Amino acid sequence: MSGNKVNAVLVNNESNAKNMVFVAAMYGEQTEMMNAKLSDVQLPAAGGTVKVSVTFDFAIDSAKHTIKLFAWRDLETKEPLSFVVTIPPGAGGLQESTEVYADPLAFYAGKVVRSFSPSENKTLSLDLTKYIDHDRKMIKSVTGELEWDYGKGVNEMNAPKAQGVTGLLNKQDQYDLDNVVIASNNEFGTVVVVSMDGLPIAESRRLMIQAMTEDKPYGFKSEKEIDKGKETGNLKITDIGSGPMNVKNIDTTVTLKGMTDVTKVYTLNENGYVAGELTGSATAAGYNIQLAPNAIYTIVEREGLANPYTASGDEQTVLEPTYVWWEGEDFTETNFPWETSSFAASTFPETRNLLAGKDQEWLSISAAPANGETPYAKYTINVPEDGTYNFFTRKFWQHGPYFWRFDDASEWQYVNDHPALLDKTVFRTNLEANWINVGKVELTAGEHTFELKLDSVREDGTYVAAFDSFMLIKESFIPKGKLKPGEKWNLAEEGFWSFEPDMDPFSESAIVDLRGLNEEVAGQSGHIRREGDKLVLGNGEEARFWGVNTGSEVTNLEHGDIDYMAARLAKNGVNLVRLHASIFGDDGKLSDQALDNYQYFISAMKKEGIYVSLSYYFVLWFNDSPFTKLQFDADQQTMYKEAVKKFLLTPNPYDDDNLPLGQDPAVALIEIQNEDSYLFWTFNPEDIYSPDQLRAFYRLFGEWATAKYGSIAAAYTAWGEGSQDPADLPDAGELKVEAIYSLSYEEQTKRRADTLQFLVENQREFYAGMKSFLENDIGTESLISASNWVTANPQKLEALERYTYDVADVIDRHAYFDSHHDTTEQWHLRPGDKYNPEPVVLHPDQNPVKIVHNADHPSMISETTWTNPTPYGAEGPFMYAAYGALQGIDMLALFSSKGPGWSTNWEKWPVMSPTMMGQFPAFAMIYRLGYVTEAPVVVQESRTLESLYHHGGSAIFESLNLDDIRK
């Protein structure tokens with residue numbers, strides 16, 4: 001490719017000669033087609049080649065233009081005869097590499113792309129020694145905007161509209177960027193300055209300085225692990241803490257170079273409202289600001305700002321709520337044997353102070369009433385005024401389904417054994433209290449009775465339940481343990497401050513509110529669509545998606561809680577939620593209630609301009625289903641399709657147009673299945689399949705081999721002497737399929753190469769078939785992703801896994817920062833757990849923010865976060881925004897939000913935490929608005945399937961980046 005010419009060699013891999021159309025197309029920076037040339041070509045038979053040269057009407061700019069080469073049977077059908085060959089921007093500077101492997105740190109220099117070729121294995125690369133210095137432990141992006149010193153453990157962002165640093169901040173005196181100087185005494189943290197008006201920092205009239213250090217729950221303690229008198233390097237948790245979240249004091253100075261026109265500096269609270277003013281100082285170097293120790297956000301205004309802040313008295317105010325609160329132990333009548341319960345407060349003396357009420361007790365039961373009656377309790381309360389009240393209960397997890405009512409004449413209401421939990425307070429292992437929103441109730445002022453009775457008894461004849469507190473409140477309420485509305489813990493360890501945001505009134509007086517980045521209604525101009533390797537809105541505007549995950553624990557919430565959550569997410573810059581929740585009940589069917597919950601949730605997100613990605617099938621949600629069952633089992637596929645039809649074709653009563661989800665443009669993406677693959681290490685048919693399933697699967701391989709070779713006997717001949725396995729039943733058409741470990745780590749025989757090819761083709765055909773079902777039977781225009789899983793051997797198998805995804809629209813992966821958490825309870829943090837966190841800034845190979853793009857496909861990371869326990873979460877959002885933007889990743893979704901409120905303790909997979917959601921405002925802008933420039937391609941590999949089946953593997957691939965639960 002040079003000047004305005006593109007040269008190509010066409011190879012015929014089929015036995016017959018053929019006529020075809022060769023198309024070369026040039027695309028501009030906005031993915032628009034600028035020029036196209038067509039040639040009629042006659043290819044000689046069996047291995048024949050033809051050289052084709054195309055001359056465009058104007059010169060190719062290798063830094064800006066994308067070239068795509070197509071081979072079609074004819075112009076009418078445009079039936080493809082080969083893979084599309086994409087030559088992306090930057091490829092003009094790529095040179096063929098003779099190295100076996102490309103530099104694994106190339107992801108942090110620019111974009112990495114893989115394509116599949118019918119005939120050629122080739123790796124093209126920039127001279128990465130200009131950008132990656134392993135001796136000095138330095139990585140520079142080809143854009144010049146990111147510089148990573150992983151020797152010191154710092155990463156600098158230096159773009160016109162965003163400048164900052166993350167990592168071990170006090171490792172050097174200061175960080176001198178183009179328009180900003182940052183000096184910090186904090187051991188670890190992130191500080192970034194962003195333009196709030198879209199102008200470069202040097203010209204911007206309003207800037208935001210966002211700073212974050214370390215967070216942890218109040219009372220969290222750990223100690224060095226000692227084994228045989230020696231330190232192991234691990235830390236051991238001795239106390240998981242009780243909340244609230246604490247943030248280490250910020251000790252940082254920011255100098256705005258040459259800015260002599262600063263008019264005002266003020267801090268914001270956690271909800272983006274003005275909290276107080278700061279006084280900076282003008283010096284010869286610029287304007288110096290000593291950041292407040294307890295403020296994440298600082299705003300700087302300069303002369304010429306059209307709408308400067310003026311105190312108006314309408315800043316965030318905390319309204320006095322109207323509520324009634326009563327304790328579980330303050331009953332007027334009960335038959336709970338609560339004083340002898342195994343869950344009585346006396347059984348957890350060290351943490352009973354976390355129960356509400358002066359007596360620090362709760363109403364609990366672990367047996368049955370002596371007379372065999374149903375356990376019940378009655379209370380008398382006084383309601384201050386007429387009205388509609390939200391009714392909340394703080395109880396023992398999901399135990400103790402119960403009936404409740406106010407006043408004897410009213411009907412009994414029911415709370416099942418799977419209510420949505422709004423918070424969590426742990427008293428001891430497997431014993432915790434959680435608030436639930438029971439619903440709404442109309443009450444008049446004055447005295448009322450409240451009564452509850454338990455519903456189900458366990459198989460041993462006992463009941464398990466506990467109730468700490470009950471509350472009626474007119475306003476919205478986000479629970480925080482034993483605290484009543486308006487109360488705060490005000491607990492902070494030395495050197496930390498207490499992170500306890502008030503309820504957000506979503507007032508227009510908020511200085512930081514990113515709701516305006518979203519559409520008024522998600523999908524208002526049509527479905528998101530794929531244009532080349534980019535995503536565009538219905539109106540053609542290119543878009544990126546900054547998102548979070550959530551599940552049925554949120555969709556089961558009351559509508560008001562979901563509305564609050566949607567507004568909270570939009571305000572902090574979120575425009576995508578991945579709804580990772582099963583639509584299959586115990587009977588394999590979607591219940592009407594679950595459907596209603598999902599429909600309301602999606603409509604609530606839509607109204608805040610937030611798109612939804614649907615993830616509704618995960619094999620681990622089925623107790624009796626082995627891995628990969630959906631990919632070949634007809635009964636499982638039938639069950640899947642029936643539930644999906646109901647899910648996607650039922651009109652949504654909450655949508656203004658009653659659109660079914662399958663036709664709703666707010667549904668951006670539909671995922672076929674979550675985290676499953678023939679190529680993952682769990683795939684061993686002999687271990688995971690039932691005898692009937694095993695024989696059926698072996699028959700599939702027998703049918704495949706027969707189709708390829710004419711018969712099983714011919715397959716044995718092609719595979720060579722000794723290729724027949726003792727488990728084969730050739731007369732029954734059954735051929736054994738070995739475990740993926742053997743197929744990827746042991747000697748690759750011809751039979752194993754064919755086995756691998758069979759698995760890949762079967763998996764790819766499954767995804768193609770499901771995509772056809774969604775598009776044709778359902779009629780959806782939403783984009784489709786196949787899955788998102790890793791493989792048993794990334795170097796040998798990752799490319800094949802992604803080839804199976806290539807039939808879908810968007811290529812997805814899952815990747816996590818791993819805190820090396822060693823525990824017997826993988827889903828939670830417990831005293832006695834061990835961990836050994838190392839910051840990513842010191843270990844770039846552990847950065848989960850990287851992807852090998854499939855050519856001509858958008859990409860996403862739909863599950864990711866910095867898993868706890870770790871003091872280094874502050875680097876996470878920086879990495880997502882910086883390297884997500886640099887690599888051109890189109891969607892990012894952090895895992896996982898458990899509710900509308902901020903976390904009061906460490907979640908294993910944090911989102912609603914200070915270090916994560918607290919840093920969304922600046923980094924959502926950086927990522928979504930392109931403040932960090934997308935890089936050109938720095939490595940491009942093309943691989944033939946034949947070489948991949950024979951363990952040729954990839955020159956560059958992603959490291960696994962799994963958390964402890966997925967390893």
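Hydrogens, waters and symmetry mates are skipped; everything else that's a heavy atom, side chains included, is used. Computed from a predicted structure; not experimentally measured.
In this structure the side chain of S222 never reaches within 4.5 angstrom of the side chain of T238, judged on heavy atoms. Residues W909 and W827 are in side-chain contact: their nearest non-hydrogen atoms beyond the backbone lie under 4.5 Å apart. With a 4.5 Å cut-off on side-chain heavy atoms, P217 and I240 do not count as touching.
The aromatic rings of W362 and F396 are tilted relative to each other, their planes meeting at an angle between 30° and 60°. Taking the six-membered ring where tryptophan is involved, the planes of F392 and W435 are perpendicular, since the angle between them exceeds 60° and thus also 30°. Using the six-membered ring where Trp is involved, F348 and F427 have ring planes that are parallel, under 30° apart on the 30 and 60° scheme. Ring geometry for W326 versus F470: interplanar angle under 30°, hence parallel rather than tilted (30 to 60°). Using cut-offs of 30° and 60° for the angle between ring planes, the F467 and F336 rings count as perpendicular.
When only modelled atom types and interatomic distance are considered, D676 and T628 share no side-chain donor-acceptor pair under 3.5 Å. In the model, W404 has no side-chain atom that pairs as donor or acceptor with a side-chain atom of E451 under 3.5 Å. No donor-acceptor contact under 3.5 angstrom links the side chains of Y835 and T823, judged on distance only. In this structure, a donor-acceptor pair under 3.5 Å is present between the side chains of H821 and D833. Using modelled atom types and a 3.5 Å distance limit, the side chains of D215 and T915 yield a donor-acceptor pair. For the 3.5 Å distance criterion, the side chains of E558 and N437 fail to qualify, holding no donor opposite an acceptor. The closest side-chain donor-acceptor pair between E432 and N434 falls under 3.5 angstrom. Side chains of R428 and T347: a donor-acceptor N/O pair is present below 3.5 angstrom, by distance only. Between the side chains of K474 and N390, no donor N or O sits under 3.5 Å from an acceptor N or O. If you check the side chains of Y402 and D417, you find no donor sitting under 3.5 Å from an acceptor. No side-chain N or O of E487 forms a donor-acceptor pair with one of W489 less than 3.5 Å apart. Residues Y389 and E475 bring no donor and acceptor atom of their side chains to less than 3.5 Å of each other. With hydrogens and angles left out, the side-chain atoms of T870 and N868 include no donor and acceptor closer than 3.5 Å. Under the 3.5 Å distance criterion, with hydrogens and angles disregarded, no donor-acceptor pair is assigned to the side chains of E675 and S787.
Nearest approach of L576 to V574, heavy atoms of both residues: O-CG1, 3.3 Å. Minimum interatomic distance between A368 and P337 (heavy atoms only, all atoms of both residues): O-CG, 4.3 Å. Minimum heavy-atom separation, P869 to W906: CB-CZ3, 3.5 Å.
Under a 4.0 Å N-O distance rule, the pair K480/D423 does not qualify as a salt bridge. Note on K488 versus E500: no salt bridge recorded, every NZ/NE/NH1/NH2 to OD/OE distance being 4.0 Å or above.
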Throw together a table of side-chain donor-acceptor distances under 3.5 angstrom for residues 577-588, partners on residues two or more places apart or in other chains.
{"from": "R578", "atom 1": "NE", "to": "E671", "atom 2": "OE1", "distance (Å)": "3.3"}
{"from": "R578", "atom 1": "NH1", "to": "N549", "atom 2": "OD1", "distance (Å)": "2.7"}
{"from": "R578", "atom 1": "NH1", "to": "E863", "atom 2": "OE2", "distance (Å)": "2.8"}
{"from": "R578", "atom 1": "NH2", "to": "S615", "atom 2": "OG", "distance (Å)": "3.0"}
{"from": "R578", "atom 1": "NH2", "to": "E671", "atom 2": "OE1", "distance (Å)": "3.0"}
{"from": "R578", "atom 1": "NH2", "to": "E671", "atom 2": "OE2", "distance (Å)": "3.2"}
{"from": "R578", "atom 1": "NH2", "to": "N674", "atom 2": "OD1", "distance (Å)": "2.9"}
{"from": "H580", "atom 1": "ND1", "to": "S615", "atom 2": "OG", "distance (Å)": "2.8"}
{"from": "S582", "atom 1": "OG", "to": "F584", "atom 2": "N", "distance (Å)": "3.0"}
{"from": "S582", "atom 1": "OG", "to": "F584", "atom 2": "O", "distance (Å)": "3.3"}
{"from": "D587", "atom 1": "OD1", "to": "K589", "atom 2": "N", "distance (Å)": "3.0"}

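By the neighbour-count criterion of 12 heavy atoms within 6.0 Å, atom CD of Q846 is densely surrounded, having more than that number from other residues, nucleotides or ligands.
Taking the centre of each ring, Y564 and F477 stay at or above the 6.0 Å mark.
Stacking of K440 on the aromatic ring of F391 is not recorded, the 6.0 Å distance cut-off and the 45° axial limit not both being met. A cation-pi arrangement is absent between K248 and W497 under the rule of less than 6.0 angstrom and at most 45 degrees off the ring axis.
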Would you please test T374 and Y376 for side chain to side chain contact (heavy atoms under 4.5 Å, CB included) and show each step?
-> CA-CA 6 Å; T374 299; Y376 73 92; 5.8 Å; no

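Counting only residues at least two apart or in different chains, salt bridge (Lys or Arg N to Asp or Glu O under 4.0 Å) contacts with residues 358-376 comprise R352-E361.
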